[in-house]
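Worksheet: one structure, shown below.
These numbers come from a predicted model, not from an experiment. Because only heavy atoms are used, hydrogens play no part in the values below, and waters and symmetry mates are left out as well, while side chains stay in.
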Amino acid sequence: MGTTFDPWSPEFLTDPYPAYAELRGRGRVIRYEPTDQWLVPHHADVSALLRDRRLGRTYQHRFTHEEFGRTAPPPEHEPFHTLNDHGMLDLEPPDHTRIRRLVSKAFTPRTVERLRGYVHGLADSLVAGLVAAGGGDLLADVAEPLPVAVIAELLGIPEGDRGPLRPWSADICGMYELNPSPEAAARAVRASVEFSEYLRGLIAARRAAPGEDLISALIAAHDEGDRLTEQEMISTAVLLLNAGHEATVNATTNGWLALFEHPDQLAALRADSTLIPTAVEELLRYDTPLQLFERWVLDDIELGGTTIPRGAELALLFGSANHDEAVFDAPTTLDLTRRDNPHISFSAGTHYCIGAPLARLELGASMRALLTLAPTLTLASEPARKPGFVMRGLEELRVTVV
């Protein structure tokens with residue numbers, strides 16, 4: 001291709017943004033043979049295509065695999081695909097509309113506002129533990145347990161059952177990387193089976209003794225006539241856990257690493273906590289936690305003079321769109337005061353992130369707690385990046401509090 005775009009290269013994974021700039025200079029859509037995809041790097045195109053009904057997260061509501069020119073997944077992957085394909089992220093209307101309508105009741109502004117005290121209290125407690133220890137791993141000690149606890153609380157998963165949630169989620173999300181290895185696929189399948197079995201038992205328990213949680217609410221909605229199969233309940237719960245914490249964890253660690261690498265911006269934030277709302281948005285833009293979102297072409301489309309046929313797959317490059325010079329002034333500059341910031345880190349259109357208000361609450365709460373309770377927080381060692389490309393994050397983020 002003559003470009004530095006290489007999602008398996010350690011150099012690219014360290015800093016993909018120069019390669020994105022090169023892609024944007026090459027055109028509006030670029031064929032990428034290694035993944036059999038069309039890369040879309042510009043903000044305007046990514047934003048428009050996220051709203052284009054000629055594209056879909058699935059094609060099976062209209063075509064068989066054979067009709068669409070695609071090969072069915074191998075039978076041994078079936079547990080993963082059963083779980084994944086019944087979640088609203090990989091459904092299209094009318095099924096997507098039906099499930100999203102039910103789930104959205106748990107993410108109203110009023111519901112999120114009711115969680116504010118819980119989220120801030122938990123963030124303060126986690127940061128206080130980090131401070132008492134003189135530092136530690138910001139990922140494992142703060143960034144991860146906060147959103148996992150919040151989404152588990154929403155779902156009604158008992159505290160004693162929450163230990164496997166993060167490992168299950170990490171293994172399932174490994175399947176979303178480009179060309180996952182057989183080992184990664186096997187881990188995803190195993191986690192899909194184990195997580196589904198656990199939730200099936202929890203749903204049975206909530207049927208017998210309902211609570212004030214989302215799973216109980218979904219059961220009640222089903223009983224009142226809104227169709228929601230048990231598999232859809234299971235897939236919805238898994239999706240909410242995965243989407244409800246994976247991006248937040250990565251946004252937290254990516255964001256704090258960026259702050260450590262830009263001490264002037266960190267100093268400004270420490271001096272003025274009113275910057276937290278714009279800082280959260282800028283950090284989501286600057287080092288995007290979800291780098292790529294895939295869409296199937298359901299009907300031929302034309303983009304920049306190139307016809308992309310039905311059956312093709314588009315890779316909408318969120319990380320590139322968030323650094324597009326046509327939209328963002330000085331996009332490679334971290335500016336926590338940036339006001340004009342139409343980043344698409346939460347997607348757009350039908351599949352806009354339903355939990356975006358909750359994610360913003362969590363990111364702001366952990367940032368405020370770290371700024372207030374750990375004002376001397378410093379980076380202890382250079383962190384290693386996770387090997388994946390699609391979900392951009394760190395293996396750990398070691399910090400000290402002096």
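Not counting sequence neighbours, the partners of His262 by the ring-ring contact (aromatic ring centres under 6.0 Å, His included) test are Tyr286. For the ring-ring contact (aromatic ring centres under 6.0 Å, His included) test, no residue two or more places apart in sequence or in another chain qualifies with His245. Residues that satisfy the salt bridge (charged side-chain N to carboxylate O under 4.0 Å, His left out) test with Glu261, not counting sequence neighbours, are absent from this structure. Not counting sequence neighbours, the partners of Phe260 by the ring-ring contact (aromatic ring centres under 6.0 Å, His included) test are Trp256. Under the rule for a side chain to side chain donor-acceptor pair (under 3.5 Å), Thr278 has no partner lying at least two apart in sequence or in another chain. For Asn322, the side chain to side chain donor-acceptor pair (under 3.5 Å) partners two or more places apart in sequence, or in a different chain, are Thr288, Ser345. Checked against side chain to side chain donor-acceptor pair (under 3.5 Å), Asn250 has the following partners two or more places apart in sequence or in another chain: Lys386. Every residue two or more places apart in sequence or in another chain was checked for a salt bridge (charged side-chain N to carboxylate O under 4.0 Å, His left out) with Arg295, and none qualifies. Checked against side chain to side chain donor-acceptor pair (under 3.5 Å), Glu396 has no partners two or more places apart in sequence or in another chain. Take His96 and apply the ring-ring contact (aromatic ring centres under 6.0 Å, His included) test, not counting sequence neighbours, and it matches His351.
Identified under the side chain to side chain donor-acceptor pair (under 3.5 Å) test for residues 302-318, with sequence neighbours left out: Gln37-Glu313. Note on residues 276-286: pairs passing salt bridge (charged side-chain N to carboxylate O under 4.0 Å, His left out), not counting sequence neighbours, are Glu281-Arg360, Glu282-Arg285, Glu282-Arg338.
One N or O on the side chain of Asp141 and one on the backbone of Asp137 form a donor-acceptor pair closer than 3.5 Å.
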ask   = Please walk me through it: do Asp300 and Ile308 pass side chain to side chain contact (heavy atoms under 4.5 Å, CB included)?
value = CA-CA 6 Å; Asp300 293 0; Ile308 305 172; over 6 Å; no
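A salt bridge links Glu325 with Arg24: the distance from a Lys NZ or Arg NE/NH1/NH2 to an Asp or Glu carboxylate oxygen falls below 4.0 Å. Using a 4.0 Å cut-off between a side-chain N of Lys or Arg and a carboxylate O of Asp or Glu, Arg28 and Asp324 do not qualify as a salt bridge. Checked for salt-bridge contact, Glu246 and Arg166 meet the test: a charged N lies under 4.0 Å from a carboxylate O. A salt bridge does not link Glu113 with Arg110: every distance from a Lys NZ or Arg NE/NH1/NH2 to an Asp or Glu carboxylate oxygen is 4.0 Å or more.
Each of Arg53, Arg62, Arg57 was scored for a salt bridge (Lys or Arg N to Asp or Glu O under 4.0 Å) with Glu92, with one residue passing: Arg53.
Taking the six-membered ring where tryptophan is involved, the planes of Tyr20 and Phe5 are tilted, since the angle between them lies from 30° to 60°.
Residue Asn179 qualifies as enclosed at atom CG: its count of foreign heavy atoms under 6.0 Å is above 12.
In this structure, Tyr59 has its ring center closer than 6.0 angstrom to the ring center of His65.
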